[in-house]
Number of protein chains: 2
Amino acid sequence: MTVTRSSLPTPDPNLPRPNDPAAHERLYRSLRSRIMLGELPPGKALTLRGIAREYHLSMTPAREAVRRLVAEGALTLSASGRVTTPALSDERIEELAALRALIEPELAARALPRAHFALIDRLAQMNARIADAVERHDAVGYIRCNLDFHRMLYLRAQAPAMLAMLETIWLQLGPTMRALYGRVKRNEPPRHHRMILAALRAGDEPALRLAVRADVTHGLRHLTST
Amino acid sequence: MTVTRSSLPTPDPNLPRPNDPAAHERLYRSLRSRIMLGELPPGKALTLRGIAREYHLSMTPAREAVRRLVAEGALTLSASGRVTTPALSDERIEELAALRALIEPELAARALPRAHFALIDRLAQMNARIADAVERHDAVGYIRCNLDFHRMLYLRAQAPAMLAMLETIWLQLGPTMRALYGRVKRNEPPRHHRMILAALRAGDEPALRLAVRADVTHGLRHLTST
DNA sequence: CGGCATGGTTTGTGATCACATCCATTCTAT
DNA sequence: ATAGAATGGATGTGATCACAAACCATGCCG
């Protein structure tokens, strides 16, 4: 593809060239997004050749992306190597909820001193979009906006390792969340989100921790009851 | 290897047959162990072909094992695809320590009601082995026994998802831990471990949480100072 | 009519190859 | 002599192939 490299004096050695994020990377991101947003139901079976065909690639990048997602708990690997989206037991859901309840208040507390007004404003806007999604009974949109709301806040904590760990938990809950929010069509206005915004504005860390914890545990309480 | 499959009427269809854990799985376990125990220094470069040659395999299983470890944060992937063992920044170490300080007390508290006498006894024996490793200035042995001590306790919490999450944190700290314990040759008797055992015997959950938290933060405080 | 063997088909695994890129050494020109 | 370019080796990526195990469904026999 590079016609004559000797003729050009390396026009853009490390320029912001479109860059090719590597096929397996794009595949990974795509699958990860679909899983976290709950577009795949729990227990859905996937095949390497099927994924490869769907994305017009060979099995190799599909294998790498799937292996990565399995390592993060986003997919389950049966003994014979078959991959499915996880069907979580009640105990596992409770554990993941407990982890969220441990980590998210900590991230919120770390973000609090750095939460300037513009951020709170954008969070309020995001909250409105969540209400919209609820109005339209758009489960995937609801999950996406809800996660964006939390992520936008936690990004201010400047704690990438914690956030990465939390996102893998969200990933594992993805398919199950969809199964839940798809069932309960009751409009659930982001009540706790308003409490979070109030605590942020007041600079009240204990109240913020409580509000975040309440939001997490409330949303996930429905899951264990099944 | 299967001489004549047609002659035998499938003697053990799903028996606990030794089974071949698949080459990439063995490779993954081996590398993971070496990383978590700190046998590889931070920043060590690895190559797929090098790993493949070392284990007498092709690049394919090496790629899968490495990809999995990268996904768990046990290895770092440079922009050009080169893999190295991570060299953690002080901020990242602080985050990982904070995560340990959040999760480990919770796991200990959940294990407490299930911690019968035999377990406490085995933990005390493990503690003695830690003292031995300290005596011999055996860094890898120290790390292994220390992790075994914690894992043995947390296994009783019956919380596999939490334990898995915690182990990935241990993994990420592996190379750095070795770099630390290799430097500080001062014998550090497992003081906090005795506090943990005392709290377990007394059935005192608040004291147990405090002791575990102290053990974690104490051990990791040396890392940030560098 | 029902349970089980048996066939074909699908799927994951590992090896090998072609290719683009990166890294380092070396060579050349000023 | 030194700085920059060229060249060769090394490395990751993706495709393709051969193979064994697993899965599924049909059909056979009791």
Side-chain angles (χ1 to χ4, degrees), chain A residues 1-15 17-31 43-71 75-85, chain B residues 1-15 17-31 43-71 75-85:
Chain A
M1 199 53 75
T2 63
V3 265
T4 52
R5 190 163 23 156
S6 55
S7 62
L8 353 154
T10 325
D12 43 4
N14 49 6
L15 249 285
R17 113 116 121 328
N19 232 336
D20 42 350
H24 64 85
E25 181 76 19
R26 284 180 291 126
L27 221 173
Y28 163 77
R29 290 188 195 280
S30 173
L31 286 175
K44 168 89 173 177
L46 299 179
T47 65
L48 296 183
R49 284 178 176 87
I51 295 170
R53 266 197 306 270
E54 182 178 356
Y55 287 80
H56 302 94
L57 291 169
S58 98
M59 287 174 58
T60 312
R63 249 192 294 189
E64 304 207 20
V66 164
R67 195 68 66 193
R68 203 167 151 188
L69 290 165
V70 167
L75 292 175
T76 302
L77 195 66
S78 90
S80 65
R82 254 79 169 185
V83 294
T84 60
T85 178
Chain B
M1 201 55 77
T2 61
V3 265
T4 52
R5 191 171 17 159
S6 56
S7 63
L8 350 155
T10 326
D12 42 3
N14 51 4
L15 248 286
R17 111 120 129 315
N19 232 338
D20 42 351
H24 64 86
E25 181 75 19
R26 285 180 290 125
L27 221 175
Y28 164 78
R29 288 188 196 279
S30 174
L31 286 175
K44 169 90 174 180
L46 298 179
T47 66
L48 297 182
R49 286 179 175 86
I51 295 170
R53 266 196 305 272
E54 182 178 357
Y55 286 81
H56 301 95
L57 291 170
S58 101
M59 286 173 57
T60 311
R63 250 194 291 189
E64 304 208 19
V66 164
R67 196 67 65 191
R68 202 166 152 189
L69 290 165
V70 168
L75 291 175
T76 301
L77 196 64
S78 93
S80 66
R82 255 77 169 186
V83 293
T84 60
T85 177

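Note on naming: letters A, B, ... go to the chains in the order of the sequence lines (proteins, then strands), and numbering restarts at 1 for each one.
Each of A/Ser78 and A/Glu64 lies near DNA chain D, and the nucleotide nearest A/Glu64 is the one positioned closer to the 5' end.
Looking only at side-chain heavy atoms (C-beta outward), B/Leu69 and B/Leu31 come within less than 4.5 Å of each other. Inter-residue side-chain proximity for A/Val70 and B/Arg68 is flagged as unmet; no heavy-atom pair is nearer than 4.5 Å. Contact annotation: the side chain of A/Leu27 approaches that of A/Ile51 to within less than 4.5 Å [non-hydrogen atoms, C-beta and beyond].
Nearest heavy-atom pair, A/Ala71 versus B/Ala71, reported as atom, atom and distance to 0.1 Å: CB-CB, 3.9 Å. A/Arg63 and A/Leu48 get closest at one heavy-atom pair: CG-CD1, 3.2 Å.
Remark: A/Ser80 is in phosphate contact with D/dC23, judged by side-chain N or O atoms under 4.0 Å from OP1 or OP2. The side chain of B/Arg67 contributes an N or O atom lying less than 4.0 Å from OP1 or OP2 of D/dT13.
Within the model, atoms CD of A/Glu64 and CZ of B/Arg67 stand 4.0 Å from one another, a figure rounded to the nearest 0.5 Å.
Against DNA chain D, the stretch residues 23-31 of chain A makes heavy-atom approaches under 4.0 Å through A/Ala23, A/His24.
Each end of the helix from C/dC1-D/dG30 to C/dT30-D/dA1 gets its own axis from five base pairs, and the two axes differ in direction by 0°, given to 10 degrees.
For B/Arg26, the side chain to side chain contact (heavy atoms under 4.5 Å, CB included) criterion is met by B/Pro21, B/Ala23, not counting sequence neighbours. Residues meeting the side chain to side chain contact (heavy atoms under 4.5 Å, CB included) test with A/Thr76, sequence neighbours left out: A/Thr84, A/Pro86.
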Filtered N/O pairs between nucleotides 15-17 of chain D and protein, under 3.5 Å:
unit_1, atom_1, unit_2, atom_2, d
D/dA15, OP2, A/Ser58, N, 2.8
D/dA15, OP2, A/Ser58, OG, 2.8
D/dA15, N7, A/Thr60, OG1, 2.7

Throw together a table of side-chain donor-acceptor distances under 3.5 angstrom for residues 54-61 of chain B, partners on residues two or more places apart or in other chains.
unit_1, atom_1, unit_2, atom_2, d
B/Glu54, OE2, B/Arg34, NH1, 3.2
B/Tyr55, OH, B/Ser30, OG, 2.6
B/Tyr55, OH, B/Arg34, NH1, 3.2
B/Ser58, OG, B/Thr60, N, 3.1
B/Ser58, OG, B/Thr60, OG1, 3.4

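Distance B/Arg82 CZ to C/dA20 C1': 12 Å, rounded to the nearest Å. Between the CG atom of A/Leu77 and the P atom of C/dG12 there is a distance of 9 Å, given to the nearest Å. If you take CG of A/Leu46 and C1' of C/dG12, they are 14 Å apart, rounded to a whole angstrom. C/dT13 atom P lies 11 Å from atom CZ of B/Arg68, rounded to whole Å.
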